J.: 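The structure that follows is given in the form of structure tokens.
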Amino acid sequence: MRSRRARPVSFCLVAALAAVLGGCLGGGGHALGTPGAQSIPIGQSTQSVGSGGASRTFHLYRPQGLTDAAPLVVMLHGGFGTGEQAERAYHWDAEADAGHFLVAYPDGLNRAWNAGTCCGEPQRVDADDVGFITTMVGAIEQQIPIDRARVYVTGMSNGAMMALRLGCQSDLFAAIAPVAGTLLTDCSRARPASVLQVHGTADDRVPYDGGPGKAFTVNGTARVDGPSAQSVNATWRAIDACGPPTSSTTGDVTTQIAGCADGRTVELISVAGAGHQWPGGEPSPLAEKLAGIPAPSTALNATDTIWRFFAQHHR
């Protein structure tokens with residue numbers, strides 16, 4: 001057994017760009033386990049699993065009181081982020097306490113995911129991140145019963161792009177919820193799944209209206225060029241055999257909902273004036289200073305909204 005330890009401040013300065021999409025790393029004292037060797041402990045833990053010839057890590061949160069097969073939410077960090085950072089920034093542990101479900105926070109290879117035409121080393125080496133996430137879910141199930149009809153995936157930015165790829169190219173997930181992402185992979189053979197997109201209309205990194213976004217890094221790399229949020233929504237409406245969408249607006253939040261076959265829905269929440277962010281998440285002053293990314297909008301609690309969406313959908 002080994003504890004998670006807080007990262008030194010100097011590490012955060014060296015990896016300052018991690019804050020662009022997530023913030024400085026941190027963690028408390030929590031157990032490191034091996035899949036299959038023990039049941040998942042209550043609270044936070046860190047584990048590893050073999051995938052693609054490498055050892056890959058993921059973080060877990062198990063709330064107290066789980067007695068039956070539980071839902072599982074997979075939360076994918078953004079580019080330059082980590083699972084620990086996502087756990088701290090987006091408040092899924094507290095949501096799991098209230099909703100009685102498990103949360104997994106996997107770590108991307110060199111802080112990124114192979115979402116298709118993006119991003120970083122995983123894309124360059126064609127890392128099998130679909131295989132990694134699939135293996136991770138199986139490893140979790142070896143230790144604690146999960147409800148296979150209620151497995152979900154969400155993600156921020158590059159993690160949102162990866163969530164969409166998982167929806168397109170695996171059959172694990174009853175629903176997916178990308179935040180500030182776009183579709184950068186083939187989706188012609190997707191299995192129907194409910195989809196909720198959350199996107200700020202002023203996002204300049206992954207533009208709401210599609211096309212090339214502003215570079216994430218100072219040397220001008222990792223620019224995203226994909227379809228608009230509305231186009232991605234239309235793609236999933238076609239996959240799910242949906243009817244025409246209806247829209248409603250409250251303050252800065254516009255919600256577009258389409259009813260689909262077999263009780264599924266495809267939804268798009270647009271947050272007026274919001275940039276490249278997880279609405280309701282933790283602000284990141286360092287990110288704002290380095291990359292000009294504004295503090296998250298408070299017009300929407302994305303985590304709470306996404307869990308309520310997930311809870312309404314199952315296989």
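Computed from a predicted structure; not experimentally measured.
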J.: Would you say Tyr105 ends up clustered with Leu109 if hydrophobic residues are merged whenever their side chains have heavy atoms under 4.5 Å apart, either directly or through other cluster members?
T.: no
J.: Are Val49 and Ile40 linked, directly or through intermediate hydrophobic residues, by side-chain heavy-atom contacts shorter than 4.5 Å (ILVMFWY only)?
T.: yes
J.: Between His199 and Ser270, does a side chain to side chain donor-acceptor pair (under 3.5 Å) hold up when you go through it step by step?
T.: CA-CA 5 Å; His199 213 123; Ser270 307; over 6 Å; no
J.: Distance-only, no hydrogens or angles: does the Gln169 side chain make a donor-acceptor pair with backbone N or O of Ala190 under 3.5 Å?
T.: no
J.: Does Tyr208 share a hydrophobic cluster with Val179, counting links as ILVMFWY side-chain heavy atoms below 4.5 Å and allowing steps through other members?
T.: no
J.: With Phe309 as reference, evaluate Ile176, Asp304, Leu196, Val195 under the side chain to side chain contact (heavy atoms under 4.5 Å, CB included) test and give the passing residue.
T.: Leu196
J.: Mind telling me whether Trp92 and Trp278 have parallel, tilted or perpendicular rings, with 30° and 60° as the class edges?
T.: perpendicular
J.: Looking at Arg56 and Asp129, is there a salt bridge between them, counting it only when a charged N and a carboxylate O are closer than 4.0 Å?
T.: yes
J.: With no hydrogens and no angle check, do the side chains of Thr265 and Glu267 hold a donor and an acceptor under 3.5 Å apart?
T.: yes
J.: Is there a side-chain contact between Trp236 and Cys187 (heavy atoms, below 4.5 Å)?
T.: yes
J.: Verify the ring-centre separation between Trp307 and Phe101: is it less than 6.0 angstrom?
T.: yes
J.: If you measure from the Lys or Arg side-chain nitrogens to the Asp or Glu carboxylate oxygens, is any gap between Glu121 and Arg111 under 4.0 Å?
T.: no
J.: If you count heavy atoms of other groups shown closer than 6.0 angstrom to NE2 of His314, is the number above 12?
T.: no
J.: With no hydrogens and no angle check, just 3.5 Å: does a side-chain donor-acceptor pair link Asp107 and Thr57?
T.: yes
J.: Between His91 and Thr303, is any side-chain donor less than 3.5 angstrom from a side-chain acceptor?
T.: no
J.: Any chain of hydrophobic side-chain contacts (each under 4.5 Å) joining Leu268 to Val232?
T.: no
J.: Without hydrogens or angle criteria, can the side chains of Gln47 and Gln143 be said to hold a donor-acceptor pair below 3.5 Å?
T.: yes
